[in-house]
A.B. asks: 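Take a look at the following structure, please.
When reading the values below, keep in mind they use all heavy atoms of this one structure, side chains included, and skip hydrogens, waters and symmetry mates. Proteins come first, then strands; the chains are lettered A, B, ... in the order of their sequence lines, and each starts at number 1.
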2 protein chains.
Amino acid sequence: MTHFVRCNILTALFRIQGRSLQVLLRAAVGRSWQLPFANLEEGRSLEACALSALPDPGECALYLEQLYTYGDPDRSSQGQLISIVYFALLAADALLGEPPDRARFAWFAIEDLPPLIDDHADIVSYALRRLRYKLEYTAVGFELLPEMFTLSELQRTYEIVLGEQLDKRNFRRRILEAGIIEPTGQMRSGTGRPARLYRYRPDAIAEVKTRRLFP
Amino acid sequence: MTHFVRCNILTALFRIQGRSLQVLLRAAVGRSWQLPFANLEEGRSLEACALSALPDPGECALYLEQLYTYGDPDRSSQGQLISIVYFALLAADALLGEPPDRARFAWFAIEDLPPLIDDHADIVSYALRRLRYKLEYTAVGFELLPEMFTLSELQRTYEIVLGEQLDKRNFRRRILEAGIIEPTGQMRSGTGRPARLYRYRPDAIAEVKTRRLFP
DNA sequence: CCAAAAGTGTTCTATGTACACCCATGC
DNA sequence: GCATGGGTGTACATAGAACACTTTTGG
């Protein structure tokens, strides 16, 4: 009764590097690229398969959530294919290890993507919309930072992802009032006055009440 | 390289009836019930398959969106199965026609569900969370009403879904200011003073800006 | 002593919330 | 004329947005 279909998993992994937001891609045929993919393995969860699409992240925990399932009959050039797409975030200081299948992987700034196969450009753009949206009303931004970070780094992360300048005083007040980060007691020196280092409090309530359409 | 997996589509359809929110279920073996399901048919979109899980809705357009894809190895009693789940809303005055496979379908109030197979109870409860959440910040509530409706009916719909009393004056002010409905000019008489009938303006911007975590 | 980044409060505006009475109709 | 649901405005509290200067360090 239930029947069998062609199906794979795609994972869109993002990170911040310098002043840009990057996505990890895998070389495809010719000059085109694609989202990292994996097969569904018998007895493994979807999340586990989504991780196996990526080079080994080693110790670095990465944030992972399901994005969408694509299945239009004409979305793949090789016949009908269901793709369950995951969305992932990597800390800025994390390094990836061995890639699966010894394939070639590379990071691309999201404003400068190479040609992508099939509907992968649409998928990246949807993943990006989801990232921006989630960043606005949850605390997911910390997943893009090292374990310890300064308030300026955090603000820069938000500005890069949202593509928008934020007010320093308001930003600091809001995030400190929200109680989702705490000072570590350590400082970081660089050029200029040293900055306090903070860490994310994973026990904190990350969601913000939405402004409702109706009272 | 890409391989084949067992996969189906489930559709969780909701409607308002009287003072309760109902979900449509399909009889399963024994005394248990399940979400309406369909196979993925070659050459059809996921949405089309999701609709084919339901009795024929005839003229009534129904709201449909993808909910989530479930695929844990132990979620089905009959071996690993991917289920792409859709979430649907039906207008209160709509009638459903012939069910697929001549199967038995019935509406159940969401606070009084029968035993469900596998993880279908979890899926219903997630769909319900999504419905409440969406109702708060988008105009999806109109999908549960006939084409023309009074402001009191609209408010009652919101109250039933959200499980919460709303203030009449604030509700009316907000929804009229939002400009997402318009008076039809017609009135409905019943017991008490006749009420203006409104219709949804599909061109209206349905989303509300969320209250952001950061400024 | 100067460059560079960190840190810090207040005022004004907009939005949300709480709340009670008159109106039009059918019976 | 009364029961029933429809319709309306205001005052107060809270949240958001705009804004500029002082502090601490390294070179």
Side-chain angles (χ1 to χ4, degrees), chain A residues 18-19 92 135-139 145-146 148-160 162 164-199 205 207-215, chain B residues 16 18-19 92 135-138 145-146 148-160 162 164-199 205 207-215:
Chain A
R19 300 207 164 266
L135 203 70
E136 287 196 327
Y137 71 96
T138 72
L145 285 169
M148 291 196 289
F149 48 86
T150 68
L151 288 180
S152 296
E153 287 168 349
L154 181 58
Q155 183 175 344
R156 212 167 312 132
T157 299
Y158 273 80
E159 289 175 341
I160 289 166
L162 300 177
E164 180 185 354
Q165 297 283 105
L166 303 174
D167 180 272
K168 184 155 68 160
R169 281 168 293 187
N170 291 340
F171 183 84
R172 286 167 188 241
R173 178 162 20 84
R174 288 278 286 276
I175 197 164
L176 292 175
E177 276 172 2
I180 52 188
I181 59 176
E182 59 190 8
T184 61
Q186 294 178 251
M187 304 290 279
R188 171 177 304 161
S189 301
T191 137
R193 173 171 171 179
R196 262 190 253 272
L197 285 166
Y198 290 82
R199 78 165 68 85
I205 295 154
E207 297 266 335
V208 146
K209 56 173 181 275
T210 61
R211 173 175 291 157
R212 306 199 336 185
L213 191 48
F214 306 113
Chain B
I16 296 281
R19 301 208 162 267
L135 203 70
E136 287 194 329
Y137 71 95
T138 72
L145 285 169
M148 292 196 288
F149 49 85
T150 68
L151 288 180
S152 296
E153 287 167 349
L154 182 58
Q155 183 175 345
R156 211 168 311 131
T157 300
Y158 273 79
E159 288 175 341
I160 289 166
L162 299 176
E164 182 185 352
Q165 297 284 105
L166 303 174
D167 180 273
K168 184 157 66 162
R169 280 168 295 187
N170 291 340
F171 183 84
R172 285 168 187 239
R173 177 160 24 83
R174 287 279 286 276
I175 197 163
L176 292 174
E177 276 172 4
I180 52 188
I181 60 176
E182 60 189 9
T184 60
Q186 296 180 251
M187 305 289 278
R188 171 177 304 161
S189 301
T191 134
R193 174 173 171 177
R196 261 189 254 270
L197 285 168
Y198 290 81
R199 79 165 68 84
I205 296 155
E207 297 265 335
V208 146
K209 57 172 181 270
T210 61
R211 173 175 291 157
R212 306 200 333 187
L213 191 47
F214 305 113

A.B. asks: Take atom CD of A/Glu177 and atom P of D/dG16, then tell me their distance rounded to the nearest Å.
C.D. replies: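 Between P of D/dG16 and CD of A/Glu177: 9 Å.
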A.B. asks: Rounded to the nearest angstrom, tell me the gap between atom CG in B/Leu151 and atom C1' in C/dA24.
C.D. replies: 16 Å
A.B. asks: What is the distance, to the nearest angstrom, from the CD1 atom on B/Ile175 to the C1' atom on D/dT8?
C.D. replies: 17 Å
A.B. asks: Return the CG to CG distance between B/Leu154 and B/Leu145, rounded to the nearest 0.5 Å.
C.D. replies: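 Atom-to-atom, B/Leu154:CG and B/Leu145:CG are 6.0 Å apart.
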A.B. asks: Tell me, which of residues 164-171 of chain B have any heavy atom that sits under 4.0 Å from an atom in DNA chain C?
C.D. replies: B/Asp167, B/Arg169, B/Asn170
A.B. asks: Return a table of donor-acceptor pairs under 3.5 angstrom between the side chains of residues 184-194 of chain A and protein atoms on other chains or two or more places apart.
C.D. replies:
unit_1, atom_1, unit_2, atom_2, d
A/Thr184, OG1, A/Gln186, N, 3.1
A/Thr184, OG1, A/Leu197, O, 2.9
A/Arg188, NH1, A/Glu153, OE1, 3.2
A/Arg188, NH1, A/Glu153, OE2, 2.2

A.B. asks: May I have the distance from B/Glu153 (atom CD) to D/dT4 (atom P), rounded to whole angstrom?
C.D. replies: 19 Å
A.B. asks: Which residues within residues 184-194 of chain A lie with some heavy atom under 4.0 Å of an atom in DNA chain C?
C.D. replies: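 Close to the strand are A/Thr191, A/Gly192, A/Arg193, A/Pro194.
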A.B. asks: Please give me the minimum heavy-atom distance between B/Gln155 and B/Lys168, naming the atom from each residue.
C.D. replies: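 The pair with the smallest heavy-atom distance is OE1-CA, 3.6 Å.
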A.B. asks: Taking side-chain contact (heavy atoms from CB on, under 4.5 Å) as the definition, give me every residue that meets it alongside A/Ile160, ordered by chain and number, with sequence neighbours left out.
C.D. replies: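 With neighbours one apart ignored, the set is A/Ile16, A/Leu21, A/Arg156.
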A.B. asks: Tell me every residue that passes ring pair (Phe, Tyr, Trp, His ring centres under 6.0 Å) with A/Phe171, counting only those two or more places apart in sequence or in another chain.
C.D. replies: A/Tyr158, B/Phe214
A.B. asks: Roughly how far, to the nearest 0.5 Å, is OH of B/Tyr198 from CG of B/Leu151?
C.D. replies: 4.5 Å
A.B. asks: Determine: side-chain N/O of B/Arg173 to OP1/OP2 of D/dG9, distance under 4.0 Å, yes or no.
C.D. replies: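 No, outside the criterion.
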A.B. asks: Checking all strands, does B/Arg196 fall into the base, sugar-phosphate, or nothing category for heavy-atom contacts under 4.0 angstrom?
C.D. replies: sugar-phosphate
A.B. asks: Output the single nucleotide from D/dA18, D/dG7, C/dG16 whose closest atom is nearest the side chain of B/Arg174.
C.D. replies: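 That would be C/dG16.
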A.B. asks: Show the atom names and distances, to 0.1 Å, of all donor-acceptor pairs under 3.5 Å that link a side chain in residues 172-182 of chain A to residues at least two apart or in another chain.
C.D. replies:
unit_1, atom_1, unit_2, atom_2, d
A/Arg172, NH2, A/Ser152, OG, 3.2
A/Arg173, NH2, A/Asn170, OD1, 2.5
A/Arg174, NH2, B/Arg212, O, 2.3
A/Glu182, OE2, A/Arg199, NH1, 3.2

A.B. asks: How many angstroms lie between atom OG1 of A/Thr150 and atom CE of A/Met148, to the nearest 0.5 angstrom?
C.D. replies: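 So the gap between those two atoms works out to 11.5 Å.
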A.B. asks: Rounded to whole Å, please give me the gap between CD in B/Gln155 and P in D/dG5.
C.D. replies: 14 Å
A.B. asks: Is the distance from OP1 or OP2 of D/dG6 to the nearest side-chain N or O of B/Ser152 less than 4.0 Å?
C.D. replies: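 Yes, such a contact exists.
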